[in-house]
Amino acid sequence: MTDSRSPLSLRLAAGAGLVFLHLPLLFIILYAFTTEENSYEFPPPGYTLKWFGVAWNRPDVWNALSLSFRVALMSTAVALVLGTLAAAALSRTRFFGREAISLLLILPIALPGIITGIALRSAFHQADIPFSYWTIVLGHATFCIVVVYNNAVARFRRLSPSLMEASMDLGADGFQTFRYVVLPAIGTALLAGGMLAFALSFDEVIVTTFTAGQQQTLPIWLYDQLIRPRQRPVTNVVAVIVILVTALPILAAYYFTREGENIAGSGK
């Protein structure tokens with residue numbers, strides 16, 4: 001019998017890498033409970049829940065949080081519609097230029113965010129579009145569509161065309177086929193893609209900087225607080241909220257897609 005375990009050195013290296021990546025998050029959580037207001041003394045001189053109450057009562061935190069939620073929800077909705085339609089068109093049909101269109105769809109997430117932000121800002125300026133909630137949504141939708149598209153197109157390619165043909169042979173129209181055959185098969189992929197898109201939109205900084213004008217989403221609020229500190233533990237409390245809001249959808253997306261190989265008709 002062979003030992004299927006990884007070498008000890010590889011396991012130690014993987015563990016060290018995980019510690020390096022996640023230890024700063026633990027410090028953020030730790031300093032959200034410190035009694036010290038103006039410094040990051042370690043270990044903290046004491047622990048308190050005071051800063052959670054302070055953050056709760058600050059209108060600027062609520063305004064930024066509300067804007068981030070609204071932008072993330074709308075960007076995700078736009079991405080789900082456009083990303084799913086693009087995935088259906090490019091995975092089920094063949095035409096000249098299909099690969100070029102696919103490349104253009106995934107390009108926004110491959111490009112540095114600053115390039116996307118500059119391009120969007122220039123486009124809004126040329127079109128004389130004032131900065132608003134909708135300019136942020138459009139900016140976030142550019143990369144959220146990619147996330148949904150990648151999830152949906154992979155699931156579409158594993159969905160057997162014979163299932164849709166059988167449905168329509170039995171008298172179902174296009175809408176019924178989509179509702180009863182296609183949507184159940186791709187539903188978890190869309191749910192996972194939507195959750196990832198929401199998480200990406202909620203904590204986006206660079207593109208938001210170029211499309212928000214004077215508005216502040218929660219990540220922009222955090223960045224502003226780091227430059228001009230005011231009650232530093234409150235910044236850590238808000239950072240903990242961002243960690244939770246972004247980590248939970250990512251974990252849920254992983255849960256919903258880990259069984260993605262078992263698609264009805266994928267082996268036919």
Side-chain angles (χ1 to χ4, degrees), residues 67-124 127 129 133-159 178 182-183 185-212 217-220 242 245-258 260-261 263:
L67 181 59
S68 287
F69 262 112
R70 289 186 288 114
V71 168
L73 287 173
M74 183 57 67
S75 300
T76 301
V78 172
L80 282 171
V81 174
L82 298 183
T84 304
L85 292 175
L90 294 177
S91 64
R92 312 309 300 181
T93 58
R94 293 186 177 275
F95 54 89
F96 177 77
R98 186 180 73 159
E99 297 303 322
I101 294 175
S102 179
L103 176 62
L104 290 175
L105 278 170
I106 65 174
L107 195 59
I109 208 167
L111 288 173
I114 192 169
I115 301 299
T116 303
I118 291 173
L120 287 168
R121 188 180 184 91
S122 299
F124 293 147
I129 299 175
Y133 161 79
W134 291 107
T135 57
I136 306 176
V137 170
L138 290 175
H140 287 199
T142 58
F143 55 83
C144 288
I145 289 174
V146 182
V147 177
V148 175
Y149 168 78
N150 284 337
N151 278 270
V153 77
R155 190 63 61 87
F156 270 118
R157 287 171 178 168
R158 293 199 297 268
L159 179 64
F178 176 79
V182 177
L183 189 58
I186 67 171
T188 53
L190 295 184
L191 185 60
M195 289 179 174
L196 288 173
F198 180 90
L200 286 175
S201 174
F202 189 84
D203 68 356
E204 165 59 34
V205 175
I206 300 176
V207 173
T208 310
T209 302
F210 287 92
T211 58
T217 60
L218 201 59
I220 297 297
V242 173
V245 171
T246 55
L248 292 177
I250 292 172
L251 292 174
Y254 167 75
Y255 173 80
F256 284 117
T257 56
R258 63 179 179 174
E261 296 295 329
I263 304 301

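Heavy atoms only: backbone and side chains are in, while hydrogens, waters and symmetry mates are out.
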Contacts under 3.5 angstrom, residues 76-89 side chains, donor-acceptor by atom type, not counting sequence neighbours:
residue : atom : partner : partner atom : Å
T76     : OG1  : A72     : O            : 2.7
T76     : OG1  : F198    : N            : 3.4
T84     : OG1  : L80     : O            : 2.5

Value rounded to 0.5 Å, distance of CD1 in I115 from CZ in F210: 8.5 Å

Interatomic distance, M74 atom CE to I136 atom CD1 [nearest 0.5 angstrom]: 12.5 Å

Donor-acceptor under 3.5 Å (S68 side chain, T217 main chain): no

Pairwise distance CG(L138) to CD1(I129) - rounded to 0.5 angstrom: 7.5 Å

Heavy atoms from other residues, nucleotides or ligands near CD1 of I118 exceed 12 (cutoff 6.0 Å): yes

Side-chain heavy-atom pair R70, L67 within 4.5 angstrom cut-off: yes

Rounded distance (nearest 0.5 Å) linking atom OG of S75 with atom CZ of F202: 12.5 Å

Minimum side-chain heavy-atom gap V207-L120 below 4.5 Å: yes

F69 and L218, any side-chain heavy atoms less than 4.5 Å apart: no

Nearest-0.5 Å distance that lies between atom CD1 in I220 and atom CD in E204: 8.0 Å

Table please: side-chain donor-acceptor pairs of residues 139-148 below 3.5 Å, with sequence neighbours left out.
residue : atom : partner : partner atom : Å
H140    : ND1  : S201    : O            : 3.4
H140    : ND1  : S201    : OG           : 2.7
H140    : NE2  : T208    : OG1          : 2.7
T142    : OG1  : G139    : O            : 2.5

